[in-house]
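For reference, the structure is listed below as structure tokens.
Index from 1, following the sequence.
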Amino acid sequence: DLTGLSILDHLYHDQFKKNDSFSRTLFTHSSIFMVEYALASLLLEQGVIPDYVLGVSLGEFCAAVIAGYLTFEEAFQAVIIQAQMLETYCPPGAMMEIIHPHNLY
């Protein structure tokens with residue numbers, strides 16, 4: 001509702017193939033947050049109650065919800081706004097992975 005777009009519709013659209021790039025920040029950040037929150041909720045339902053929570057990057061939003069500092073809706077709205085700001089004001093970027101055996105040195 002916050003964006004007028006559906007991540008599920010995007011992922012399961014007939015034209016979207018498994019090997020297509022899933023790189024739009026609005027979708028990736030929202031998806032990461034939703035998976036983090038779903039996993040945390042499942043653990044809580046199973047009786048795994050943390051003494052402390054800690055998050056890094058997008059995980060900070062989920063940790064704030066689990067800690068009771070923010071509601072899910074407040075955190076999700078912040079994730080959406082952050083993604084929109086990144087898409088609007090930051091140049092496109094990428095990540096690179098270098099796979100190298102650690103025992104060569």
Tell me if a side-chain donor or acceptor on [X] pairs with a main-chain N or O of [Y] at a distance below 3.5 Å.
X   : Y   : result
Q77 : E74 : no
Q84 : L26 : no
E87 : T25 : yes

Quick one: are M34 and V79 in side-chain contact, heavy atoms under 4.5 Å?
->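 Counting from C-beta outward, M34 and V79 never come under 4.5 Å.
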
Are [X] and [Y] in one and the same hydrophobic cluster, where Ile, Leu, Val, Met, Phe, Trp and Tyr link if side-chain heavy atoms are under 4.5 Å apart?
X   : Y   : value
L54 : I66 : no
F61 : I80 : yes
L44 : F33 : yes
V56 : I32 : no

Between L58 and Q82, what is the shortest heavy-atom contact and its length?
-> CD2-OE1, 3.6 Å

E60 to G55 - nearest heavy-atom pair and separation |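 Where E60 meets G55 most closely, the heavy atoms are CG-O, 3.0 Å.
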
Evaluate whether atom CG of L42 has more than 12 neighbouring non-hydrogen atoms of other residues, nucleotides or ligands under 6.0 angstrom away.
->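 Yes.
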
Reported OG-to-CZ distance for the pair S31 and R24, which is rounded to 0.5 angstrom |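 These two atoms lie 12.0 Å from each other.
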
Y37 vs F72 aromatic rings, parallel, tilted or perpendicular, using cut-offs 30° and 60°?
-> tilted

